[in-house]
Amino acid sequence: MAKALHTTNVVNTFIRVAEDCPARGGEEPQPRGGQPTVATLQYAMIAAAPYKFTSDDVVFATSAPGRALDAKATKQERGLAREAFFSKGQACMRASPLGKRFGWGVHADADGRIAIYAVGSKRYQALAADPELAQTRAMRSKRG
């Protein structure tokens with residue numbers, strides 16, 4: 001019997017920045033100690049290709065198992081690693097540092113493909129006011 005796979009994908013949803021997000025605009029995350037962070041990896045992936053990837057694509061590619069696969073990994077190896085990763089529930093884009101710390105709202109379109117928009121931008125405001133979209137917030141950093 002096949003294991004049930006979990007997903008982080010959402011459709012027609014806008015994830016606004018967390019209520020306790022310190023950024024007043026979209027900030028580009030910087031590497032820490034010369035090493036990329038989850039935030040820098042997610043930002044680079046989504047900013048370079050808006051509406052190309054789903055949340056699952058981004059979450060897996062920026063996770064430790066996803067980063068452990070090198071360019072030589074076969075499609076089958078990638079598929080097996082992804083299946084193992086999503087056999088357990090994973091944190092969604094609501095838990096991403098982009099919305100918690102760096103001031104980026106995440107929009108998922110009707111196909112579940114995502115893009116980011118800086119808090120305070122006209123596009124962010126339009127998405128936050130769109131009654132056709134499910135509205136949610138990134139998770140708070142601190143208990144409140």
Side-chain angles (χ1 to χ4, degrees), residues 2-32 35-71 73-144:
K3 288 183 183 177
L5 294 182
H6 299 268
T7 185
T8 65
N9 291 342
V10 293
V11 296
N12 294 324
T13 300
F14 187 58
I15 303 170
R16 296 178 289 161
V17 298
E19 291 149 335
D20 63 347
C21 178
R24 295 293 155 235
E27 298 174 2
E28 183 174 344
Q30 298 301 310
R32 193 175 318 134
Q35 296 297 311
T37 63
V38 168
T40 59
L41 294 169
Q42 288 180 345
Y43 176 84
M45 190 172 178
I46 301 168
Y51 299 111
K52 179 177 180 185
F53 301 107
T54 65
S55 175
D56 280 358
D57 295 336
V58 174
V59 168
F60 177 69
T62 60
S63 70
R67 291 188 307 217
L69 295 170
D70 63 14
T74 66
K75 196 172 188 175
Q76 183 179 12
E77 288 170 330
R78 286 185 188 286
L80 290 172
R82 188 173 166 133
E83 189 175 309
F85 182 74
F86 285 111
S87 68
K88 296 182 213 148
Q90 299 296 328
C92 66
M93 290 303 292
R94 288 187 58 226
S96 169
L98 296 179
K100 290 174 70 168
R101 160 69 187 88
F102 293 100
W104 296 98
V106 180
H107 175 238
D109 67 12
D111 295 323
R113 308 286 179 197
I114 61 175
I116 54 175
Y117 295 96
V119 67
S121 68
K122 287 183 181 183
R123 184 67 178 141
Y124 180 99
Q125 297 303 326
L127 290 165
D130 187 342
E132 300 292 316
L133 294 176
Q135 300 284 330
T136 190
R137 282 202 178 263
M139 294 177 180
R140 295 172 56 93
S141 294
K142 297 179 175 69
R143 290 186 180 183

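Side chains included, hydrogens not; waters and symmetry mates left out as well; all remaining heavy atoms used.
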> If you measure from CG on Asp111 to OH on Tyr51, what distance do you get to the nearest 0.5 Å?
Replying inline: 11.5 Å

> What distance separates Thr13 OG1 from Leu133 CG, expressed to the nearest 0.5 Å?
Replying inline: 7.0 Å

> Quick one: does Gln42's side chain have a donor or acceptor within less than 3.5 Å of a partner on Thr40's backbone?
Replying inline: no

>> When you compare the side chain of Met45 with that of Leu41, does any pair of heavy atoms fall below 4.5 Å?
In response: no

> Are the side chain of Gln35 and the backbone of Arg32 linked by a donor-acceptor contact shorter than 3.5 Å?
Replying inline: no

>> For Asp57 and Arg113: C-alpha separation, side-chain torsions, deciding distance, then whether salt bridge (charged side-chain N to carboxylate O under 4.0 Å, His left out) applies.
In response: CA-CA 9 Å; Asp57 295 336; Arg113 308 286 179 197; 3.7 Å; yes

>> If you compare all heavy atoms of Arg78 against all heavy atoms of Phe60, which two are closest, and at what distance to 0.1 Å?
In response: O-CZ, 4.3 Å

> Does the pair Thr8 and Gln90 meet the rule for a side-chain hydrogen bond (donor to acceptor under 3.5 Å, both in side chains), with working shown?
Replying inline: CA-CA 7 Å; Thr8 65; Gln90 299 296 328; over 6 Å; no

>> Could you report the tightest heavy-atom contact between Asp130 and Glu132, atom names first, then the distance?
In response: OD1-N, 2.8 Å

> Of all heavy-atom pairs between Pro50 and Ala47, which one has the smallest distance, and what is that distance?
Replying inline: CD-O, 3.7 Å

> Which heavy atom of Ala95 sits nearest a heavy atom of Lys100, and at what distance?
Replying inline: O-CD, 3.3 Å

Distance-only donor-acceptor pairs under 3.5 Å for side chains of residues 17-26, two or more places apart:
| from | atom 1 | to | atom 2 | distance (Å) |
| --- | --- | --- | --- | --- |
| Glu19 | OE1 | Arg140 | NH1 | 3.4 |
| Asp20 | OD1 | Ser141 | N | 3.2 |
| Asp20 | OD2 | Ser141 | N | 2.9 |
| Asp20 | OD2 | Lys142 | N | 3.1 |

>> To the nearest 0.5 Å, what is the distance between CG on Asp109 and NE2 on His107?
In response: 6.5 Å

> Looking only at heavy atoms, what is the nearest atom pair of His6 and Asp56, with distance?
Replying inline: O-OD2, 4.5 Å

> If you round to the nearest 0.5 Å, how far is CH2 of Trp104 from CE of Met93?
Replying inline: 12.0 Å

>> Determine whether Phe14 and Tyr117 satisfy the following criterion, ring pair (Phe, Tyr, Trp, His ring centres under 6.0 Å), listing intermediate values before the conclusion.
In response: CA-CA 10 Å; Phe14 187 58; Tyr117 295 96; 7.2 Å; no

>> How long is the straight-line distance from CG of Asn12 back to CD of Gln135, given to the nearest 0.5 Å?
In response: 11.0 Å

> What do the steps show when you test Thr54 against Ile114 for side chain to side chain contact (heavy atoms under 4.5 Å, CB included), and what is the final call?
Replying inline: CA-CA 6 Å; Thr54 65; Ile114 61 175; over 6 Å; no

>> If I take atom OG from residue Ser96 and atom CD1 from residue Ile116, how far apart are they, to the nearest 0.5 angstrom?
In response: 8.5 Å

>> Quick check: do Val106 and Ile46 have side-chain heavy atoms less than 4.5 Å from each other?
In response: no

>> Going by the rule salt bridge (charged side-chain N to carboxylate O under 4.0 Å, His left out), which residues pair with Arg94 if we only count those two or more places apart in sequence or in a different chain?
In response: none

>> What verdict does the side-chain hydrogen bond (donor to acceptor under 3.5 Å, both in side chains) test give for Asn9 and Ser55, after you've listed the backbone C-alpha separation in whole Å, the side-chain angles of each residue and the deciding distance to 0.1 Å?
In response: CA-CA 5 Å; Asn9 291 342; Ser55 175; 4.6 Å; no

